[in-house]
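Small disclaimer: the values here were computed from a predicted structure and weren't measured. Proteins get letters first, then strands, A, B, ... in listed order; numbering begins at 1 in each.
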2 protein chains.
Amino acid sequence: MPMPVRDLMRAINRAKIIQIIRTAGLVSRVELAAESGLSKASVTGITAELIKEGLIIEKQSGEYEGGRRPKLLGLNPDGAYVVGVNLSIMEINVVIMNLEADIIANTSQPLENRHYSVDEITELMVTTVQTCMWEGNFARDRISGVGIGVPGPVYTNSGIIRFLPNYGWENVNLRDRIEARLGLPCFIDNSSNTLAAAERWFGEGKGIDNFLVVTLLNGVGLGIVINGHIYRGAEGIAGEFGHNIIIPDGPLCRCGKKGCVESFAGMISLIRDAKAAAAAGKWQPADIEAITFDSLVAELKSNNKIIIDIFNQAGTILGRGASHLVALFNPSRIIVTGTSVKAGRHLLEPFKAALANNTPEMCGSIDDLVFVKEWTDEQWARGAGSLALQELYKSPVSELTTD
Amino acid sequence: MPMPVRDLMRAINRAKIIQIIRTAGLVSRVELAAESGLSKASVTGITAELIKEGLIIEKQSGEYEGGRRPKLLGLNPDGAYVVGVNLSIMEINVVIMNLEADIIANTSQPLENRHYSVDEITELMVTTVQTCMWEGNFARDRISGVGIGVPGPVYTNSGIIRFLPNYGWENVNLRDRIEARLGLPCFIDNSSNTLAAAERWFGEGKGIDNFLVVTLLNGVGLGIVINGHIYRGAEGIAGEFGHNIIIPDGPLCRCGKKGCVESFAGMISLIRDAKAAAAAGKWQPADIEAITFDSLVAELKSNNKIIIDIFNQAGTILGRGASHLVALFNPSRIIVTGTSVKAGRHLLEPFKAALANNTPEMCGSIDDLVFVKEWTDEQWARGAGSLALQELYKSPVSELTTD
DNA sequence: CCAATTAATTCAATTATTGAATAAACCAGC
DNA sequence: GCTGGTTTATTCAATAATTGAATTAATTGG
């Protein structure tokens, strides 16, 4: 389904204009012309089209600069809505969000600690979306698309989940099932990439073209943004940072190898180590079985040295791994996000220190290391929603094969 | 200097046509239309332009398929010539090559084992190019561009060499000096990227969009090809694979850290280890000081266990490092090239084995591992020439900022 | 030598961009 | 309150590229 070459130029320029408006926030037509390289005439035409479609609106008048005051254009927050759905070990999270990433409604569906079948998850996702739509008082036809984030590698084009460790799924096309049930365009990717999409659209990656997003979730992942696009590799499974082996005789990971980043720094691993330490009598939790990540964060707050050591080690491993990322990708920025940022300095300081210690000077600066401060569970779903936005507004330039 | 948007479409389509012709070799106008998505009318127009400019020619008639036989178009091998210049520890290598990577002339200038100044290297490069042109009986105006490869990180846009370990240079603009002297468009990049350009244009990366080129030279480097383009990162210094630390308490590397890939597997390191082993009496070379890489390859052939062990270790470290590359980039292919491939199986088998052992199954296949068989020193310069070709025929698509 | 078939070109129509001219909007100062 | 100067935005004819349809060219088999 290649776009007719004839329409390409318009599509490219439309995308260019949208992109500038999105990163600038508020911008006049004259500035758009200057920034895009297009003539004022073209900008007038394209913006008229976008306004007619409801994607952008004239928001306010700009500052007086000696003559007619510019009308500042901005995204129409209500120009489109998307649904974000994220699957994690704990729950299914659903949000409805607008073009400015405001969350209009959100619903979550807790999951039990057992293996679910594909049919069960499909059913739960669909009903949770429906509930969320009901609560947000939304009709289906106001939704432009649905983004789905899952904790495992995905072939994004076909929509097939290659492998889902939590439930032992292999080669499952969850996207098509959901799409068939909802009747809306659906996109699926692993959660690291959806979080990267969110950072690129709304977060710390806005306006930056080359950056990395390290995601500290149950596993450890990496979203790679290159030239403004999520890089997925040949088979769509790039970014398995969590399975870079750092200590060859380290703990066994669910990937089958020993000592990879995730085997130290994934939430699952942190909890495992904390439980092992408790079982060995190094500390006394109320109930070993009831240890959760949040309870460990509480232990950190109360200065439990054993737990602090576990997090320090995880941070150090992460930093050592990240030094490879710096050398290989030379990113403008590394953004660290995910549930585990809640651990705060006990994880992040050793991360930073190990990164600095293990990165040769010649590999460039590592100043731009950003830790996302606040993590709430709805960010997962927001990431998934961003994926839908990104796919919906993708510039056709990205489809051109180039040289 | 952004291209006027008006001319963009033509430029894109021209580049698209050239690209298809280059990868296909011989192709009819009808096939070009089908492949490019353009109409036959446009293809006629664009190819007429390209033929007039001498870039492509009608090479022969195609097979009879029931009607008029197609005229097959191909690159005009004499449509353009470029010069490639490579700087290594040993010598300056210069070639003149055509659009089919045939080497028309080549000249090399041995270097002494000492620090050269920028002026000296500039002078030597210019005179070597001039000698090569004389020998090839080439006039300056037949050369479209000059590519320069150097063994160190380069800011390609500005042409500034960030750092050249061999001679202790920092922030030197060699490109502008050469350009001023030769009066031809010059491009500069580190040798790993020029070798990647060569693989992309003429070698094992032809027609592949996402692959990695591991370069085993005095140091260890990495050329990263993403979406058909060399990826250079935010500051232009991506791909420092050689300085990924594998064994934190390993040998000291010239990068200042210990135990990085290069500290085991760079040619310099291999020679260092062989000399140390000789000094420790583990083997008896004729003259310790005279040990070169080629003499070590000879030792491998005569089954010197000590030397074999050194190469095995290097291969294993490379494989362990490469497993990270597979997990992070999910490349279609990994191409291994550079002087050290001359070491053959003693280096490459352990490489392959360690890669297999250290790559989790979930990170995808690693079947497509290609070792460039024959390495000759002129390949360095050919890589540099490919860089010039790549820059000269770059599609304007690559300049568009996208989303 | 003609019919059938495929390749390539020509040509008028369409469409997007553009520079220049025009219109609109706005403030300052008289 | 109105005029002048200035900046923003739109209009409009000209330009250039693509396209589908029609035409021409080339080729072989019967």
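- Look at CD1 on B:Ile12: it is 14 Å from C1' on C:dT17, rounded to the nearest Å.
- Considering only side-chain N and O atoms, A:Thr44 lies nowhere under 4.0 angstrom from the phosphate OP1 or OP2 of D:dA9.
- Taking side-chain N and O atoms only, B:Ser39 has no distance below 4.0 Å to OP1 or OP2 of D:dG20.
- Atom CG of B:Leu72 is separated from atom P of C:dA7 by 11 Å (rounded to the nearest Å).
- A ring-centre distance under 6.0 Å is found for A:Phe329 and B:Phe329.
- Proximity note for A:Pro70 (side chain, C-beta onward) versus D:dT19, C:dT18, D:dA9: the nearest is D:dA9.
- Atoms CE (B:Met9) and P (C:dT17) sit 9 Å apart, rounded to a whole Å.
- Straight-line distance from the CD atom of B:Gln60 to the P atom of D:dA26: 18 Å, rounded to whole Å.
- Residue pairs that meet the side chain to side chain donor-acceptor pair (under 3.5 Å) test with at least one member in residues 74-83 of chain B, sequence neighbours left out, are B:Asp78-B:Tyr81.
- Nearest-nucleotide positions on DNA chain D for A:Val43 and A:Gly66 put A:Gly66 closer to the 5' end.
- Electrostatic pairing of B:Lys206 and B:Glu100 does not count as a salt bridge here, judged by no charged N lying under 4.0 Å from a carboxylate O.
- Rounded to whole Å, atom C1' of D:dT27 lies 12 Å from atom NZ of B:Lys71.
- Side chain of B:Arg29, nearest nucleotide from C:dT17, C:dT9, D:dT18: C:dT9.
- Side-chain atoms of B:Arg10 and base atoms of D:dA17 include no donor and acceptor less than 3.5 Å apart.
- Distances from the side chain of B:Ser42 to the nucleotides D:dA9, D:dT18, C:dA8 place D:dT18 closest.
- Salt bridge present: A:Glu49 and A:Arg10 bring a charged side-chain N and a carboxylate O closer than 4.0 Å.
- Among the protein residues, B:Ser61 comes within range of no part of the nucleic acid, since none of its heavy atoms lies under 4.0 Å from any strand.
- Note: OH (B:Tyr64) to P (C:dA4) measures 13 Å, nearest angstrom.
- One interatomic measurement links the two molecules: NZ of B:Lys40 to C1' of D:dT23, which rounds to 11 Å at whole-angstrom precision.
- Interface remark: the B:Arg68 side chain does not form any donor-acceptor pair with the C:dT6 base, using a distance-only criterion of under 3.5 Å.
- Rounded to a whole Å, the CD atom of B:Glu58 is 11 Å from the C1' atom of C:dA7.
- Look at A:Arg69 and you'll find a side-chain N or O under 4.0 angstrom from OP1 or OP2 of C:dC27.
- Contact check, B:Asn13 against D:dT18: a side-chain N or O comes under 4.0 Å of OP1 or OP2.
- With A:Asn210 as the partner, the side-chain contact (heavy atoms from CB on, under 4.5 Å) test is satisfied by one option alone out of A:Asn227, A:Asn330, A:Val225: A:Asn227.
- Residue A:Ala41 has its side chain nearest to C:dG19 when only C:dG19, C:dT6, C:dT17 are considered.
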